[in-house]
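Below is one structure, written out as C-alpha cells, with a few remarks after it.
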Amino acid sequence: MDYLDQLNPAQRAAVEHTEGPCMVIAGAGSGKTRVLTYRIAHLINKGVDPFNILSLTFTNKAAREMKERISKVIGGTEARNIWMGTFHSIFARILRVEAEKLNYPSNFSIYDSADSKSLLKSIVKEMALDDKLYKVGFVQSRISKAKNNLISPKAYRENAEIMGDDEMSGRTKIVEIYYEYNLRLFKSGAMDFDDLLYKTNVLLRDFPEVLHKYQHKFKYLLVDEYQDTNFSQYLIVKKLAALNENLCVVGDDAQSIYGFRGANIQNILNFKNDYPDYKLFKLEQNYRSTKTIVAAANSVIGKNRDQIKKKVWTDNVDGDIIRVSRSLSDNEEGLFVANDIFTDRNNNQLSNKSFAILYRTNSQSRAMEEALRKINIPYRIYGGQSFYQRKEIKDLLAYYRLTANPKDEESLKRVINYPARGIGKTTLEKITIAAAENQSSLWEVISYGLNTLQVNSGTKQKLADFVTMIRSFGAQLQSLDAFSMAEHIAKSTGLLRELYADKTPEGLTRFENIQELLNGIKEFSESNLPEFNGEKPHLTDFLVDVALLTDADQNDDDDDKVSLMTIHASKGLEFPHVYIVGMEENLFPSQLSLSDRSELEEERRLFYVALTRAEKKTTLTYALSRYRYGTLNHSEPSRFIEEIDPQFIEAPEKLETPFERDSGFGATPWKGMGSSGDSRNFQRKEKYERPASPAPTVPPNLKRVSQVPNISTANATAAGTIVAGSQVVHAKFGKGKVLNVEGESPNEKATVFFPSVGQKQLLLKFAKLTPVA
DNA sequence: TTAGTTCGGGTTTTT
DNA sequence: CCCGAACTAA
C-alpha cells in the first residue's frame, strides 16, 4: 500500500473513503488526477472487480491515460476492464446493446454537430421558413438546450416559459422544427450527441430491468469534472448511483467553463441535497504552480460572486512575476511570442514542449503559427478542426456509415453525388419529397420505391447503380475485416481516384488525410483488442464511436513541440511556460459575454483556468489592433489584466511601447496599421480597374454585346442548320468549322475546329453557334 | 448537370 | 479573410 504514502492527508482521506457518496472539490493543480487514479487502484486492491467500476472522464484520452496509471499502481492487466470514458462514449456503448428496446438499430449512426446542422438546414428549407430568422445555429442550440434538460418536443410545446421566449423572439416554429428533427433522426436510425444522453435517460426511465441491471453492474461510480455536467448527465448518474450510493464526484466550481453547453454548476452546489450524508473533501494545496501564479489566479477568481469559498495555496517557490506584453498588431504579437520562446529556450536550455500558447478563439492560432514557422520552432495545434471533421474524411466516413446503416440520411446526401455521378439537386429534392410523402427514409425511396419516382430513365439507372453499390458493400460487411472493407469502399467508389487526381497542395493534403484514415483503420484492424476475442474487427466496430473522437484523443504528444490550443482545450493540462495571448476586451472576455453577469463570470473562470495551467512562468500578451473579418480593428487591453492583484504582475507603466523596442522594428513601424488598411483599398480598386487594363484576354463588355443577337438566332436556327462541314461563329472562339455532330435532340454535341483555339466539343443547346452562309 | 464565379455573411468555447 | 449559397455560362 505504499501508494497511500504518496498522498497528503486530504488526498488520502478521499482515496480511502470508498463507501458512500463523496465529493472532492479539487483546486487547480491539487493532484486531482492522482486522487482519482489511486482511488480506483485502491478499490481494486480492496477486492472490487474492475468490471463493477464506472469512471466518467472528460476526454477519452484522459481515460486512456488514467487506465495506464492505474495499471502501473496495481500491476497486471485488470485495469483495462474498468468502464472508463466520456459520458458520450460510455452511454453510446450501452445504447448499442439496448438499442432495440428503443426501436433503434444497434448500429445507429451518431450525428455530429455538423450533421445535425445540415439536417436542421434541410428541415428549415422544407418548411419554407425564413432562414435568416431561423438560423440553424440558433435553432440547434435551442433544441440542444431542451434535450440537455430532458424536455421532449411535447414538453417543449407545453412549457409556457420556453414557448414564451420563442414568441418574444418571433420564432414560434422552433417547436415544429424540433418535432420534425427528432422524427428525421429516428427515421435515419441516428442519434445526435444530446440524444446519447437523452435516450439513456429514456432507457433508464422506461425499462426498470435495464436500470436494475446497470445499477448492479456499476457498484462504484466516479465522475470527473463534475462541474461541467448538465442536467441530463446529472440524472443518469443519480439513477445509476441510487442503489449503492457509492458515488464519488470530483470537480472545481472555479473551473466550470462549459456553461454554454448546458453544464450546470448547481450540480455541485446541490450535491449535498441529494446525498445529505455525503463526505466532502477539499484539496487545496497546489503542487503545480509558483506562489505568484497561485496568488494571481486567486485574486482573479475572487472577483466572482458565485463560488464555493476555498483557499488554494502552495509550498512552491515564489517564482517570476507575471509579464505583460503589448504589441501593435496580432502579427506583432505572434512575433513577440515566437521570439520570446526562441530566446528563452536557447538561453535556458528548455525543450519546445515546455511552452504552451493559449488563446480564446481558434482563429487566433494563425498569427502564432506564422511567427513560429518563420523561426523554425516546431509546434502542434490541439483542437481546432479535428481530423474527423475534415471534408474528405467525413465523405469517406459517410460511405462507411451508409454501408452500415443505409437509412442514415445525412450520409446518403453527402455521398449520393460524390464523386459526381449525375444525381443532382433536382433529383435529390424529388427523393426528399417522396420520402416525406411515404413517411420513409431516403434510402427506402431509392431502393424500394424507385419505380414511382418521377425521374427520367437515365437518372433512375444511376440511382439503381448507386443502390446496388451500397448493397454490395453491405453484403461484405460481415465477411471482410475493417481494413479490407474500408479500402475496398475507398477504391470502388472512385473517391480515392478523385482525390489522387487533384494535384493542388490542398488536394495532396486531402489525399494524405485519407491515407492516414485508412492507416488508422488498418492499425485498428490488426490491433488484437481483447473485446474481439482474437478475431479481426469489422468496419462497423471501427465506426462505433469514431464520431465521438476528438483531436485531444490523438496520442502523439511525446514530440518536442510547442503546444497551441484554446483555453477550453487546455483544461487539465499543465506546462512550465504559458503564454496567454489576445488579452483584449471583446475577445477575452468575449464580446458576447459582456451583457450577462453569469457569462462574464464564466469568462473569468476561463481566465482562471488559463492562469493555472502554468508551472513556472506566465506571460500575458495583447495587441493594439487585430484583424477581424479581414479588416483591422482597434482593440483595448482586457479588464482581466487589471483584475490581477498588481503585486503579482508587471506594472503597466513599466511596459515598453513597441516603438521603444528596436529589434528591426524601425523598418516597418506602421506595418500593422496603416499599410494593411491601404492594401485593402488597393485591392478593391484593382478589382474595378482590371477590366480597363490593357490587353484583356476577353473584353468583358464584348461578351455581353455579342450575346444579345445570338440568343434569337441560335435558338431559332442553330439546331436545324448546323451539320458536319458547315461554318459557324462562336461568341468567344470566333469562326470555326463543324467537323461532326452526334447525339440526339436536345443533346446534340458538335465537334468544331476553331483556328483560334483548336478543336472544341460543344453542346448545341448551350453553346451559341451562329451558322455562316 | 456542372463548374466556375460572385456575393454576402460570420467568429466564442466542444462532447 | 474564408466559407458556403446563389447565380451564370457551357
Side-chain angles (χ1 to χ4, degrees), chain A residues 56-60 85-92 110-114 116-118 121 125 131-132 135-137 141 144 148 192-197 225 228-230 232-233 257-263 358-364 366 383-386 389 391 417 420-428 456 458-459 462 545 547-553 565-571 582 586-594 599 602-603 605-606 609-610 626-632 676 680 683 687 703-704 707 730-733 747 749 760-769:
Chain A
L56 296 163
T57 57
F58 198 66
T59 61
N60 289 307
T86 61
F87 270 91
H88 290 84
S89 56
I90 292 285
F91 295 111
I110 297 174
Y111 277 10
D112 68 17
S113 195
S116 124
K117 269 210 172 77
S118 155
K121 193 182 241 170
K125 202 167 184 177
D131 61 359
K132 296 265 163 35
K135 287 192 189 152
V136 283
S141 76
S144 173
N148 286 149
D192 65 15
F193 283 150
D194 302 322
D195 281 340
L196 296 175
L197 307 173
E225 309 285 7
D228 287 328
T229 52
N230 59 38
S232 186
Q233 292 167 319
I257 53 174
Y258 284 96
F260 68 91
R261 202 168 85 187
L358 308 183
Y359 35 78
R360 177 67 240 266
T361 65
N362 280 305
S363 60
Q364 288 167 257
R366 188 198 48 85
Q385 201 191 23
S386 126
Q389 319 238 13
K391 183 191 174 305
N417 196 33
R421 49 174 74 86
I423 302 171
K425 214 171 59 182
T426 323
T427 309
L428 196 58
N456 65 41
T459 310
K462 288 170 191 159
D545 51 17
L548 302 171
L549 294 178
T550 59
D551 239 23
D553 293 326
M565 67 188 85
T566 63
I567 301 168
H568 283 88
S570 77
K571 194 160 81 154
N586 297 328
L587 180 60
F588 190 25
S590 154
Q591 200 168 4
L592 291 96
S593 70
L594 297 181
E599 282 182 46
E602 180 153 317
E603 294 284 308
R605 291 193 294 271
L606 194 56
V609 168
R626 178 173 299 278
Y627 277 96
R628 249 184 181 181
Y629 305 129
T631 50
L632 201 66
S676 13
R680 266 180 57 78
Q683 271 178 3
K687 245 186 213 165
K703 221 157 121 193
R704 256 215 181 139
Q707 247 171 268
H730 183 270
K732 197 160 161 183
F733 308 134
N747 289 318
K749 190 163 70 180
K760 290 273 168 197
Q761 302 250 325
L762 301 166
L763 278 175
L764 290 189
K765 68 175 170 180
F766 290 135
K768 278 111 194 171
L769 293 179

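Below, all heavy atoms of this structure are taken into account, side chains as well, without hydrogens, waters or symmetry copies. Per chain, numbering begins at 1; letters A, B, ... match sequence-line order. Since we're looking at a predicted model, the values are computed, not measured.
With hydrogens and angles left out, the side-chain atoms of A:D192 and A:S116 include no donor and acceptor closer than 3.5 Å. Inspection of the A:S89 and A:T86 side chains reveals an N or O donor paired with an N or O acceptor under 3.5 Å.
What separates CZ of A:R366 from P of C:dC3 is a distance of 13 Å, to the nearest Å. One can place NZ of A:K571 at 12 Å from P of B:dT14, the figure rounded to the nearest angstrom. We find that NE2 of A:H88 is positioned 14 Å from P of B:dT14, with the value rounded to whole Å.
Neither OP1 nor OP2 of B:dT15 sits under 4.0 Å from any side-chain N or O of A:N60. In this structure, A:T426 reaches the B:dT1 phosphate: one of its side-chain N or O atoms is under 4.0 Å from OP1 or OP2. The shortest distance between the side-chain N/O atoms of A:T59 and the OP1/OP2 oxygens of B:dT14 is not below 4.0 Å.
Side-chain contact between A:H88 and A:Q233 is present, with at least one heavy-atom pair separated by less than 4.5 Å. Taking the side chain as every heavy atom from C-beta outward, A:L197 and A:N230 approach each other to under 4.5 Å. Counting heavy atoms from C-beta outward, A:F91 and A:L196 have side chains that stay 4.5 Å or more apart. Side-chain contact between A:D228 and A:R261: absent, with no pair of heavy atoms (C-beta onward) separated by less than 4.5 Å.
No donor-acceptor distance shorter than 3.5 angstrom exists from the side chain of A:S590 to the backbone of A:L587, with no hydrogens or angles considered.
Backbone-only contact: A:N417 has heavy atoms under 4.0 Å from sugar-phosphate atoms and none from a base. Among the protein residues, A:F87 comes within range of no part of the nucleic acid, since none of its heavy atoms lies under 4.0 Å from any strand. A:S89 comes within 4.0 angstrom of no nucleic acid atom, judged by non-hydrogen atoms across all strands. Backbone-only contact: A:T427 has heavy atoms under 4.0 Å from sugar-phosphate atoms and none from a base.
Ring planes of A:F260 and A:H568: perpendicular class, angle over 60° (limits at 30 and 60°).
Contact record, A:V609 with A:S570: CG1-OG, 4.4 Å, taken as the closest heavy-atom pair.
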Please write out the pairs of protein N or O atoms and N or O atoms of nucleotides 4-7 of chain C separated by less than 3.5 Å, giving the distance to one decimal.
unit_1, atom_1, unit_2, atom_2, d
C:dA5, OP1, A:K121, NZ, 2.5

Extract from the structure each pairing of a protein N or O with an N or O of nucleotides 6-12 of chain B at less than 3.5 Å, listing the distance.
unit_1, atom_1, unit_2, atom_2, d
B:dG10, OP1, A:K135, NZ, 3.0
B:dT12, O2, A:R360, NH1, 2.3
B:dT12, O2, A:R360, NH2, 2.2

